[in-house]
Protein chains: 2
Amino acid sequence: MSISSVTEPPKTKRGETSRAAIFDAALALFLERGYEATTMRAIAERAGVSLGSSYHYFASKEHLVLEFYWHTHQLHVAAIAPLLAREHDLAARLRGVVRAVIVTCEPFHAFAGAIFGTVANPASPLNPFGREAKALRDEVIELYAGVVKGSDARLPADIATELPTLLWLYQMGILYFWIFDRSQGRLRTLDVIDQTTDLIVRLLGLANLPVLRGSRKRVLGLVRSIAAGA
Amino acid sequence: MSISSVTEPPKTKRGETSRAAIFDAALALFLERGYEATTMRAIAERAGVSLGSSYHYFASKEHLVLEFYWHTHQLHVAAIAPLLAREHDLAARLRGVVRAVIVTCEPFHAFAGAIFGTVANPASPLNPFGREAKALRDEVIELYAGVVKGSDARLPADIATELPTLLWLYQMGILYFWIFDRSQGRLRTLDVIDQTTDLIVRLLGLANLPVLRGSRKRVLGLVRSIAAGA
DNA sequence: CAGTAAAAGTGAACACGTTCAACTTGCACT
DNA sequence: AGTGCAAGTTGAACGTGTTCACTTTTACTG
């Protein structure tokens, strides 16, 4: 498990304490008031440090968001460990893992939109495809590689190579849908997850059919070319 | 052709002049310095109005971005008119229309990332799925409905209904890719467009195959359910 | 033409994210 | 104990987007 550092990690005990206090304060305030209504001054005050100190540990308010992503990612990893150990059917693994994403993030739904938007900005180096998010991105892709590898599904090599990246993209799509979902208990998102994971596994089974062979090659070529550029 | 108003339109000649001056100044400054480096004060100054006046016509800096989208949309519509009149092959129409999007937007590539990110924010009512962007969204979807309808392709009714919305989504995906594309002459994006439009048309042809029937129904059901929620 | 209400226009003031130069703390090494 | 230096800390100051109470201009009516 890698260290979830966004900027340079603290080098002293005191530093670690301050950094944690700042992030904890930020998370608490995001929950209480939402992202935009939470000011850096309020975060610093609640954390018991000065405004300047906050910027010593987090280069910007957005960096607090990236740290938040790390936080939820770790919650997610912990949540799915039992499932991944027990279940070996690909569809069930996929469904469970993606459902766990939105269950994990549910407490943060109210401010997820503001947070997602901030970091989705292509101009920011913190955007999902950008430099500063690479460590997290790689870890999530690795997670999905494990979901596929640990299943009893037998996939062609070319698909198995690109699938984890595609599933990472798919997870982002689900999260985007979830942000807009105002249904009770987020049932619509859960339903979409069930249907799409099923569909994905079904299409994977169909990919070997002669009629789809050509399209499959083209799709994978496209995915490789796109992934190479990012 | 609808009026491209973002907030309430001006009611006097003088108002129209001011509004246009503000937008023109904004566009010029975005081109010169980029989006973030352009301040509302600089826009007001170049437009020859006061800071407060800018906010009389555009409720926020983001609203200037939405107006910018209207602007490029109109350029796009004008650019594709000849093609749509002449060409009736669906693949060619689609390729031409999507290529025209990025050709139209090419002069703005440098600041497109900042602009896209600002308005993609799910927390903003200006986001592509949101209330304030509805008029533009509907118009683009209508444009793609025309692309499909004016072609000689014979599509099943259920697909024809949902396809325009999917193509609008597809266009946003292409734009997102284009933003990150740093290749010379944006050749990578053009290549991706050629391949994906071909692929789309091919898959549409395959949708009637018995093996895909089930998946097709599920995909369309999904699309309908997702579109209904937005 | 006078009156008036809506539209257009103004700039000072506010709160925010961020920067920075100066200050304090604590550890390593002699 | 003393010294040096990196890490940690500070809050005033800057520039930004945005708001608002107010003034000026415009268009229309009796």
Side-chain angles (χ1 to χ4, degrees), chain A residues 5-23 25-26 29-30 33-68 111 114-115 117-119 121 123-126, chain B residues 5-23 25-26 29-30 33-68 111 114-115 117-119 121 123-126:
Chain A
S5 89
V6 175
T7 48
E8 288 304 301
K11 318 246 161 135
T12 69
K13 268 273 182 308
R14 188 177 176 201
E16 272 174 52
T17 308
S18 291
R19 188 178 198 280
I22 292 163
F23 176 68
L29 286 169
F30 289 166
R33 322 179 183 174
Y35 176 71
E36 321 226 292
T38 297
T39 69
M40 291 299 284
R41 284 165 180 81
I43 293 170
E45 188 177 7
R46 175 168 306 201
V49 303
S50 73
L51 180 58
S53 255
S54 302
Y55 282 92
H56 185 71
Y57 294 103
F58 300 95
S60 73
K61 199 177 173 186
E62 289 187 31
H63 281 79
L64 278 164
V65 175
L66 186 53
E67 180 75 6
F68 168 76
F111 65 92
I115 275 194
T118 303
V119 174
N121 193 322
S124 159
L126 288 111
Chain B
S5 89
V6 174
T7 48
E8 288 304 301
K11 318 247 159 132
T12 70
K13 268 273 180 309
R14 189 179 176 201
E16 270 174 53
T17 308
S18 291
R19 188 178 198 280
I22 292 163
F23 176 68
L29 287 168
F30 290 167
R33 323 179 181 173
Y35 177 70
E36 321 223 294
T38 297
T39 69
M40 291 299 284
R41 283 164 182 81
I43 293 171
E45 188 178 6
R46 174 166 309 200
V49 302
S50 73
L51 180 58
S53 256
S54 302
Y55 282 92
H56 185 72
Y57 295 103
F58 299 95
S60 71
K61 200 178 172 185
E62 288 186 32
H63 282 80
L64 278 165
V65 175
L66 186 52
E67 181 74 6
F68 169 77
F111 65 92
I115 275 195
T118 304
V119 174
N121 192 324
S124 159
L126 288 114

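Throughout, a chain's letter reflects where its sequence line sits, starting with A, and its residues are numbered from 1. From a predicted model like this one, the values you see are computed outputs, not experimental measurements. The figures that follow rest on heavy atoms only: side chains count, while hydrogens, waters and symmetry mates do not.
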(request) Take atom CD of A:E36 and atom P of C:dA15, then tell me their distance rounded to the nearest Å. (result) 18 Å
(request) Calculate the interatomic distance between A:E45 atom CD and D:dG11 atom C1'; express it in whole Å. (result) 14 Å
(message) Starting the side chain at C-beta, find the nucleotide from D:dT18, C:dG17, C:dT25 nearest to A:R14.
(response) C:dT25
(message) Judged by each residue's nearest nucleotide on DNA chain D, which is more toward the 5′ side, A:G48 or B:S60?
(response) A:G48
(request) Choose from C:dC16, D:dT16, C:dA8 the nucleotide whose nearest atom is closest to any side-chain atom of A:T39. (result) C:dC16
(request) Could you tell me the separation between the CD atom of A:E62 and the C1' atom of C:dT18, rounded to a whole number of Å? (result) 12 Å
(request) Write down the atom of A:S18, the atom of A:V49, and the distance for their closest heavy-atom approach. (result) OG-CG1, 4.3 Å
(request) Output yes when a side-chain donor or acceptor of A:T38 lies under 3.5 Å from a complementary backbone atom of A:L29, and no otherwise. (result) yes
(message) Regarding C:dG17, can its base be found pairing with the side chain of A:R41 as donor and acceptor, where the two atoms are less than 3.5 Å apart?
(response) yes
(message) Let's see if you can work this out: which of C:dT18, C:dG9, D:dA7 has an atom nearest to the side-chain heavy atoms of B:S50?
(response) C:dG9
(request) Provide, to the nearest angstrom, the distance between the NZ atom belonging to A:K61 and the P atom belonging to C:dT18. (result) 8 Å
(request) Check every atom of D:dT9, C:dC16, D:dG11 against the side chain of A:L51 and return the nucleotide holding the closest atom. (result) D:dG11
(request) Would you mind classifying the nucleic acid contact of B:T17 as base, sugar-phosphate or nothing, using non-hydrogen atoms under 4.0 angstrom? (result) nothing
(message) Measure NE2/B:H63 against C1'/D:dG17 and give the value in whole Å, please.
(response) 14 Å
(request) Select base, sugar-phosphate, or nothing to describe what B:G15 touches, counting heavy atoms under 4.0 Å on all strands. (result) sugar-phosphate
(request) Measure from NZ or CZ of A:K61 to the centre of the six-membered ring of A:Y55 and say whether it is under 6.0 Å with the direction within 45° of the ring axis. (result) no
(message) Below the 4.0 Å mark, does D:dT9 have OP1 or OP2 next to a side-chain nitrogen or oxygen of A:Y57?
(response) yes
(message) Checking contacts here: which listed nucleotide (C:dT18, C:dA8, D:dT18) is nearest the side-chain heavy atoms of A:M40?
(response) C:dT18
(message) Side chain of A:Y55, heavy atoms from C-beta onward: which of C:dG9, D:dT18, C:dT18 has the nearest atom to it?
(response) C:dT18
(request) Report the residue (B:K13 or A:S53) whose heavy-atom-nearest nucleotide on DNA chain D is the more 5′ of the two. (result) A:S53
(request) Look at A:T12 and C:dT25 and indicate whether a side-chain polar atom (N or O) is within less than 4.0 Å of OP1 or OP2. (result) no
(request) Kindly indicate whether the side chain of B:F23, heavy atoms from C-beta on, has any atom under 4.5 Å from the side chain of B:Y57. (result) no
(message) Once you apply a heavy-atom cut-off of 4.0 Å, does B:S54 come out as touching a base, just sugar-phosphate, or nothing?
(response) nothing
(request) May I ask you to check whether B:S60 and B:H63 show a side-chain donor-acceptor distance below 3.5 Å? (result) yes
(message) With a cut-off of less than 4.0 Å, is there a side-chain N or O of B:H56 near OP1 or OP2 of C:dA8?
(response) yes
